[in-house]
2 protein chains.
Amino acid sequence: MKPAVTKAILKKCDSVSRLLKSLSHPVRLKVLCSLMEKERGVNELTEFCGISQSAMSQFLARMKAEGLLESRRERNHVYYRVADQKVSRLLSAIREIYC
Amino acid sequence: MKPAVTKAILKKCDSVSRLLKSLSHPVRLKVLCSLMEKERGVNELTEFCGISQSAMSQFLARMKAEGLLESRRERNHVYYRVADQKVSRLLSAIREIYC
DNA sequence: ATATTATATTAATATTATATTATTTTGGAA
DNA sequence: TTCCAAAATAATATAATATTAATATAATAT
């Protein structure tokens with residue numbers, strides 16, 4: 001492998017692997033998949049994934065902190081949506097290959 | 001979400017997230033990336049990733065067990081290559097989006 | 001003001017993944 | 001056979017993540 005090319009790949013791999021780690025949990029992946037079409041409320045996501053409210057809240061907080069999700073509040077409900085265009089593209093590719 | 005669609009997605013997410021977990025470690029991702037072009041020896045992979053022989057061997061064994069890699073022996077050297085067509089496609093997609 | 005519902009945060013524990021070191025196996029060469 | 005290099009395995013220590021439970025906040029309704 002040419003050293004010049006090599007170095008660039010190594011760096012990219014570090015950042016990309018961090019992103020993939022975020023997608024690599026079943027709940028986080030389910031959340032992202034279900035948000036592909038449209039934004040959804042915490043309640044809906046929680047039911048969909050079949051986990052506790054607390055757990056979901058933690059997942060959502062983490063994904064938001066990582067820049068994967070954005071949220072907005074409406075009355076006493078919070079709605080989440082996918083924040084990153086590239087992540088959407090990646091999810092589409094995954095769907096195409098595996099679904 | 002329609003229950004029929006839902007159930008299929010939930011199942012897929014479980015298996016896909018397992019795969020993504022495997023790609024989500026920097027070393028494993030580097031190995032896969034460097035094997036996109038052609039097969040490579042353990043030695044070369046170890047140097048490329050900058051980890052110990054033992055650690056690399058463990059990663060390779062795991063990836064082989066998971067069906068991501070195949071290997072062949074030639075004299076006292078072992079060469080690894082990507083085993084799964086779908087994984088190759090996924091890696092290509094990742095490259096396209098992030099590199 | 002109090003109660004209720006939705007969501008978030010914190011803390012404790014359990015689980016799993018990774019790295020390290022030492023040892024073993026494999027196949028070939030002296 | 002004995003020796004050597006390459007690779008694999010085993011055992012253990014360490015670090016990272018996930019899970020669970022309890023508590024806290026936010027907004028609204030009574």
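Labels below follow one simple rule: chain letters A, B, ... track the order of the sequence lines, proteins then strands, and each chain is numbered from 1. Only this structure's heavy atoms are used, side chains among them; waters, hydrogens and symmetry mates stay out.
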Checklist outcome for this item: B:Met56 atom CE is separated from C:dT21 atom P, nearest whole Å, by 18 Å
Checklist entry - Can you tell me how far P of C:dA8 sits from CG of A:Leu45, to the nearest Å? => result 11 Å
Checklist entry - For D:dA8, does OP1 or OP2 lie under 4.0 Å from any side-chain N or O of B:His77? => result no
Next on the checklist: Taking 4.0 Å as the cut-off, does a side-chain nitrogen or oxygen of A:Tyr80 come that near to OP1 or OP2 on C:dA8?
Outcome noted: yes
Next on the checklist: By nearest atom, which of the nucleotides D:dA5, C:dA19, D:dA8 is closest to the B:Asn76 side chain?
Outcome noted: D:dA5
Item to check | Hphob cluster co-occupancy, A:Tyr79 + A:Val82, side-chain heavy atoms under 4.5 angstrom | outcome: no
Next on the checklist: Using a heavy-atom cut-off of 4.0 Å across all strands, would you classify B:Ser54 as base, sugar-phosphate, or nothing?
Outcome noted: base
Checklist entry - Less than 3.5 Å between a donor and an acceptor, one on the side chain of A:Gln53 and one on the base of C:dA8, is that the case here? => result yes
Next on the checklist: Whether A:Arg28 contacts D:dA18 is assessed here as follows: a side-chain N or O lying under 4.0 Å from the phosphate OP1 or OP2. Is that the case?
Outcome noted: yes
Checklist entry - Considering heavy-atom distances to DNA chain D, does B:Tyr79 or A:Phe59 have its closest nucleotide positioned more toward the 5' end? => result B:Tyr79
Item to check | Closest to side chain of A:Gln58, choosing from D:dT9, D:dT20, C:dA8 | outcome: D:dT20
Checklist entry - What pair of heavy atoms forms the shortest contact from B:Ser34 to B:Arg40, and how long is it? => result O-NE, 2.6 Å
Item to check | D:dA21: pairing nucleotide in any strand, Watson-Crick or G-U under 3.5 angstrom | outcome: C:dT10
Checklist outcome for this item: Heavy-atom nearest nucleotide on DNA chain D taken for A:His25 and for A:Arg73; more 5' hit belongs to A:His25
Checklist entry - Does B:Glu96 CD have over 12 foreign heavy atoms under 6.0 Å away? => result no
Checklist entry - So, is A:Lys21 close to the D:dT17 phosphate, meaning a side-chain N or O under 4.0 Å from OP1 or OP2? => result yes
Checklist entry - Given D:dA8, is OP1 or OP2 found less than 4.0 Å from the side-chain N or O atoms of B:Ser57? => result yes
Checklist outcome for this item: Out of C:dT9, C:dA8, D:dA8, minimum distance to the side chain of B:Val78 belongs to D:dA8
Checklist entry - B:Glu74 has an atom CD; how far is it from atom C1' of C:dT26, in whole Å? => result 15 Å
Item to check | D:dA18 OP1/OP2 closer than 4.0 Å to side-chain N/O of A:Arg62 | outcome: yes
Item to check | Pairing nucleotide - D:dA26, Watson-Crick or G-U, each distance under 3.5 Å | outcome: C:dT5
Next on the checklist: Under 4.0 Å from OP1 or OP2 of D:dA26: is there any side-chain N or O of A:Arg75 that close?
Outcome noted: no
Checklist entry - Atom CE of B:Met63 to atom C1' of D:dA8: distance rounded to whole Å? => result 14 Å
Would you tabulate the side-chain donor-acceptor contacts of residues 14-26 of chain A under 3.5 Å, counting partners in other chains and residues two or more places apart, or write 'none'?
from: A:Asp14; atom 1: OD1; to: B:Lys30; atom 2: NZ; distance (Å): 3.3
from: A:Ser15; atom 1: OG; to: A:Lys12; atom 2: O; distance (Å): 3.1
from: A:Ser17; atom 1: OG; to: A:Cys13; atom 2: O; distance (Å): 3.0
from: A:Ser17; atom 1: OG; to: A:Asp14; atom 2: O; distance (Å): 3.0
from: A:Ser22; atom 1: OG; to: A:Glu66; atom 2: OE1; distance (Å): 2.3
from: A:Ser24; atom 1: OG; to: A:Lys21; atom 2: O; distance (Å): 2.7
from: A:His25; atom 1: ND1; to: A:Val27; atom 2: N; distance (Å): 3.0

Next on the checklist: If I take atom CD in residue B:Glu44 and atom C1' in nucleotide D:dA6, what distance separates them, rounded to the nearest angstrom?
Outcome noted: 15 Å
Checklist entry - How far apart are the closest heavy atoms of A:Ala83 and A:Leu69, and which atoms are they? => result CB-C, 3.6 Å
